[in-house]
2 protein chains.
Amino acid sequence: MPPSQPSPSLYTRISNDLRKRINAGEFSGAPLPSEASLAATYKTSRITVRKGLSELIQEGLIYADRPRGYFVRRRSPMIYRPQHGFGKQPPSPALDRFLAEMTELGREASQTIEVSVVPAPPIVRQRLELEEGELTAVRRRIRLLDGQPYLTNDSYYPYGLVKGSDEIMSPADIPRGANAVLAELGHQQGLTVHEYEWRMPNPAEKARLDITPGTPVTEEILTGYTAAEVPVRCVINCLPGDRIKMVLEIEHTRT
Amino acid sequence: MPPSQPSPSLYTRISNDLRKRINAGEFSGAPLPSEASLAATYKTSRITVRKGLSELIQEGLIYADRPRGYFVRRRSPMIYRPQHGFGKQPPSPALDRFLAEMTELGREASQTIEVSVVPAPPIVRQRLELEEGELTAVRRRIRLLDGQPYLTNDSYYPYGLVKGSDEIMSPADIPRGANAVLAELGHQQGLTVHEYEWRMPNPAEKARLDITPGTPVTEEILTGYTAAEVPVRCVINCLPGDRIKMVLEIEHTRT
DNA sequence: GAGTGGTCTAGACCACGTA
DNA sequence: ACGTGGTCTAGACCACTCG
């Protein structure tokens, strides 16, 4: 029990009241009261009402659809399984390919792919254990569902390892997966290290993924090692929180 | 190349300018220019300046420390390894205990623990495959480092399974780990399913973890199954993005 | 006391979609 | 044409910390 708040501000009361009504399911489908009408009910100015509403926007609870009004956000995230593939169902032992699983669900999957050769950015360079200025081949992808982007996927490979591969270097889907190609080139991966950070998107990410206010992203960095512990692949994914849930299955190792 | 923006608003220009200067490292340690001085330089009102600054707050880039001014946020997240334990170093094969690893780093680790018996909340009930109203034992923990909370950890067990265990039911640390106790009771876990969602914290989480504006959280749900595929443990963790990075190591399963 | 950010007022004009 | 939210102005008073 906190010792009696120091009189919350008016906009806090407004956002608290609205949050309670939203969580009670009051505005499903219908817009929230307009700014003007809230200003009237709370006998305050529009600016104060807007401050209260903006709290709820930043929490990811509502959005403004001008000039229709404010609406409650609803989300139906897809399941992302970094061990396996994608799907919409709870965990199962299946491991299917991305496009197959998506169309199965009646949604139209598509992607854009760009391939280029660039000096390894610092984050990648460190993980691929390259020298400053060493080149990498990058496959940059945006994956979409029904036209909406839901994930960016940038895969980096040491250029020396893959420059002979038409598959890796061409901006087209690789049905059997890039990892199969790498294995064929003699770089079969064993262990993959997964790193995760979650934060608010920067303007570039906001634009690339068309991200709504109040939506954080997770940045996933995968580093793939061969059995000889040589890093051969570094993937940077950006996953918006309103469109993706992640699921893993892990064998218990500690007592 | 987007087709020439439709004249960005003034506050957008302010936040863009400041973001550029911040990323160039201009304000490390020193405060940003005050609202009043920004209003003067941009020949605008304080309110517009505040709108620009609030953009940067929501992105998690800066914070206001009244009445000293606005400062750039810096973060040094700790490494969370859900397979193993905690640490501050990049991935390694070590698997140590929480308190041991933390004190090793010269930071003071502590925690608060509350134990109670409650009807399983819906999320837990579904994962533990319980009927409505069935009881669970909950161990609710807040873990702190140097007095700052960095993780909440709520572990639920079917009450029938653990009611005989003094260790599980007492609000004290279990040095050998609760999983060892469960194993001793005949409920050794094999597979654990990990679920992850990231979003902005709700007010309760904000208060419990003392979360700063612009900081998202990841909600981690772990469900532990015995070899006979009986769920015996459901853990809900709340991980603030400014204090935690997560690292996993996964054996490659797909080609 | 001076300067900081936090809250709030009472207006104004605009762009946009819907009716 | 109307109502919506988006931007912006020019003030005001307050609580707090620091010198």
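Numbers restart at 1 for each chain; the letters A, B, ... are given by sequence-line order, proteins then strands. The basis for the numbers below is simple: all heavy atoms, side chains too, and nothing from hydrogens, waters or symmetry mates. Source: prediction; values computed, not measured.
Side-chain atoms of A/D173 and A/Q111 include a donor-acceptor pair closer than 3.5 Å. At a cut-off of 3.5 Å, with distance as the only test, a side-chain donor of A/T215 or A/R73 sits close to an acceptor on the other residue. In summary, the side chains of A/N16 and A/R13 do not present any donor paired with an acceptor at a separation below 3.5 Å, with no hydrogens or angles considered.
The interatomic distance linking A/L53 (CG) with D/dT4 (P) rounds to 13 Å, in whole Å. Distance, B/L32 CG to C/dG3 P: 19 Å, rounded to whole Å. Per the geometry, CZ belonging to A/R66 stands 10 Å off P belonging to D/dG5, to the nearest Å. Note: OH (B/Y63) to P (C/dG6) measures 13 Å, nearest angstrom.
When distances run from any side-chain atom of A/S34 to the nucleotides D/dT4, C/dG6, D/dC16, the shortest one goes to D/dT4.
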What are the atom names and distances for every N/O pair under 3.5 Å that joins the protein to nucleotides 7-11 of chain C?
residue: C/dT7; atom: OP1; partner: A/Y11; partner atom: OH; Å: 2.7
residue: C/dT7; atom: OP2; partner: A/Y11; partner atom: OH; Å: 3.1
residue: C/dC8; atom: OP1; partner: A/L10; partner atom: N; Å: 2.8
residue: C/dC8; atom: OP2; partner: A/Y11; partner atom: N; Å: 3.4
residue: C/dT9; atom: OP1; partner: A/T44; partner atom: OG1; Å: 3.2
residue: C/dT9; atom: OP2; partner: A/T44; partner atom: OG1; Å: 2.3
residue: C/dT9; atom: OP2; partner: A/S45; partner atom: N; Å: 3.1
residue: C/dT9; atom: OP2; partner: A/S45; partner atom: OG; Å: 3.0
residue: C/dT9; atom: OP2; partner: A/T48; partner atom: OG1; Å: 2.9

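The number of heavy-atom neighbours closer than 6.0 Å to CD of B/E114, taken from other residues, nucleotides and ligands shown, is 12 or below.
Under the 4.5 Å side-chain criterion, counting only non-hydrogen atoms from C-beta, B/E26 is not in contact with B/K20.
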Assess the residue pair A/R75 and B/E197 against the criterion (salt bridge (Lys or Arg N to Asp or Glu O under 4.0 Å)); give the C-alpha distance rounded to whole Å, side-chain angles, the decisive distance to 0.1 Å, and a yes or no. CA-CA 12 Å; A/R75 59 196 72 186; B/E197 266 185 64; over 6 Å; no
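Between B/R68 and D/dC18 there is a side-chain polar atom (N or O) within less than 4.0 angstrom of OP1 or OP2. Between A/Y70 and the phosphate of D/dG3, there is no side-chain N or O to OP1/OP2 separation shorter than 4.0 Å.
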